[in-house]
Amino acid sequence: MKVSSRAPLLAVAAACFFLGQSAEASISDANRWISLPESIYVYTASSRDQDGDGLKDDLEHRLADTWRPYFVFDEAENNGSNTSQLSLQSWEPRVLFQVRPEGCTTCSGARRLRVNWAFLFRMDGGYRASTWCTNHHSGDSQRGVYELVSFDGGVNWALDRIDMWGFGWAWANAPGLSYSASYNNIGGAGYARPLPMVWMSAGKHHQYYSGSACENAGGTCDDDCGGGAQRIANLTPWGYFTNVGEPTSHPLWSGYINQPFTNDLWHIGYPNEYTWWAAWQRSDCGHIFTGGMNPGPNNTGAYQTGAGSTCTTPVYGLFD
């Protein structure tokens, strides 16, 4: 995530899918709910809760996978002249996630979880529709958040609110949000759900509720959206879930990279980058994410100045 000349827009998948599904205008109440086989909560130390956040890790994965994001890119994503580097690789975006309890976990009534998302790209390609709003640079890190609610102690969960696009919280069934057709998740047959659609602008990867919201957005620099690749977030690019866990309790299974939680990002395409600390910094930005593109000290040469700042949030900053 970086600051641009626009209003702030909070804008990662080995085997990405090219899709042509039509968007749904809204999501039904039935499709906002999913039933887990048991409560997600644990109240004592458990091998099913490796990061100690009070949630069963395998059920965290199931909830994240149920409504994983569906990305829609612009047809000009890789056709601009602002940079020779492609701003959308065939395996991007890489998607990391974290499931975290919110508020009281033992109270009667509503209990809530947050699913925090990080969307990573090797390059920011600048504004494709502009000759002076260039602002392209190495590394692009964007974020999003879902809030889920349960009324029965953590067995049945609903997708309640979304703050995926930086416009503030929106109810999941609010008019204007776009959803894909239904896709199966790790729950198996009968668990297919529509996926929230993320419309990303060409080059900059700014995020919108819909293509029309992108095309009609104000601001000094112009965004374009739609007509390009469509990809479902792949949460298991190397056979394990890209769950980042909690920073203070990050166990490592000897001999297994990034299991049970993801920290070393070289394994998913970004050399010398990590989830919970930053290997690079710039004197004008502090810690940054470079997309694994810059081995030099102080990130020299990692950006070109155009309209707006080019400070890119380190990955850990997306989970604050």
Side-chain angles (χ1 to χ4, degrees), residues 9-13 16-36 60-75 77 88 92-93 95-97 99 112-119 142-150 156-201 205-217 223-236:
L9 296 171
L10 306 180
V12 211
C16 291
F17 301 93
F18 288 77
L19 305 153
Q21 301 289 340
S22 59
E24 300 292 334
S26 62
I27 187 172
S28 69
D29 284 341
N31 281 328
R32 289 196 304 113
W33 285 91
I34 201 76
S35 182
L36 299 178
E60 291 184 13
H61 300 162
R62 183 172 292 197
L63 286 179
D65 196 67
T66 296
W67 296 286
R68 59 203 182 279
Y70 182 114
F71 301 99
V72 181
F73 292 93
D74 189 76
E75 58 191 346
E77 179 68 34
L88 179 63
E92 287 180 326
V95 179
L96 309 179
F97 69 93
V99 182
R112 294 184 177 273
L113 300 177
R114 292 259 175 112
V115 183
N116 298 311
W117 300 99
F119 309 141
Q142 309 289 1
R143 71 179 298 178
V145 186
Y146 294 170
E147 189 170 85
L148 310 184
V149 63
S150 172
N156 289 286
W157 290 91
L159 178 62
D160 195 39
R161 300 194 301 167
I162 293 176
D163 184 11
M164 184 68 71
W165 300 269
F167 293 109
W169 288 106
W171 298 113
N173 57 358
L177 272 69
S178 303
Y179 287 86
S180 74
S182 294
Y183 289 92
N184 283 327
N185 57 64
I186 59 173
Y191 284 79
R193 293 292 183 274
L195 309 179
M197 300 181 78
V198 184
W199 298 73
M200 286 198 165
S201 66
H205 309 135
H206 288 157
Q207 300 170 194
Y208 292 89
Y209 288 110
S210 65
S212 60
C214 170
E215 298 295 343
N216 295 323
D223 272 335
D224 284 325
C225 291
Q230 299 181 31
R231 300 176 179 178
I232 295 175
N234 185 348
L235 306 187
T236 57

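Numbering starts at 1 and runs along the sequence shown.
Residue Leu159 holds its CG atom at 9.0 Å from CG of Asn173, rounded to the nearest 0.5 Å. Rounded to the nearest 0.5 angstrom, Cys225 SG and Phe73 CZ are separated by 10.5 Å. Expressed to the nearest 0.5 Å, how far CG of Leu195 lies from OG1 of Thr66 amounts to 9.5 Å. One distance of note links NE2 of His205 with CG of Asp74; it measures 10.0 Å at 0.5 Å rounding. Between atom CH2 of residue Trp199 and atom CG of residue Asp224 there is a gap of 13.0 Å, rounded to the nearest 0.5 Å. The distance from atom OG of Ser150 to atom CD1 of Ile34, rounded to the nearest 0.5 Å, is 12.5 Å.
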Which is it for Leu63 and Leu36 under the side chain to side chain contact (heavy atoms under 4.5 Å, CB included) test, yes or no, and what are the steps along the way?
CA-CA 8 Å; Leu63 286 179; Leu36 299 178; 3.9 Å; yes

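For Arg112, the salt bridge (Lys or Arg N to Asp or Glu O under 4.0 Å) partners two or more places apart in sequence, or in a different chain, are Glu147, Asp160. For the side-chain hydrogen bond (donor to acceptor under 3.5 Å, both in side chains) test, no residue two or more places apart in sequence or in another chain qualifies with Arg68.
Within the 3.5 Å criterion, the main-chain N or O of Ser210 finds no donor-acceptor partner in the side chain of Ser178. Although no hydrogens or angles enter the test, the distance criterion places no donor-acceptor pair under 3.5 Å between the side chain of Asn31 and the main chain of Pro194. With hydrogens and angles ignored, the 3.5 Å screen pairs a side-chain donor or acceptor of Tyr146 with a backbone N or O of Trp67. A donor-acceptor contact shorter than 3.5 Å links the side chain of Asn185 to the backbone of Tyr191.
For the residue pair Glu60 and Phe97, the shortest heavy atom distance occurs at O-CE1, 4.4 Å. Taking every heavy atom of both residues into account, Leu88 and Pro93 meet most closely at CD1-N, 4.3 Å. Looking at every heavy atom in both residues, Met197 comes nearest to Ser180 through CG-N, 3.5 Å. The two residues Ala172 and Leu177 make their nearest non-hydrogen contact at O-CD2, 3.9 Å. Minimum heavy-atom separation, Tyr179 to Ile162: OH-CD1, 3.8 Å. Of all non-hydrogen atoms in Ser201 and Asp223, the two that sit nearest each other are OG-OD1, 3.2 Å.
Salt-bridge annotation for Arg32 and Asp29: present, with a side-chain N of the basic residue lying under 4.0 Å from a carboxylate O of the acidic one.
Between Phe119 and Phe71, the angle of the ring planes goes over 60°, which puts this pair in the perpendicular group of the 30/60° scheme.
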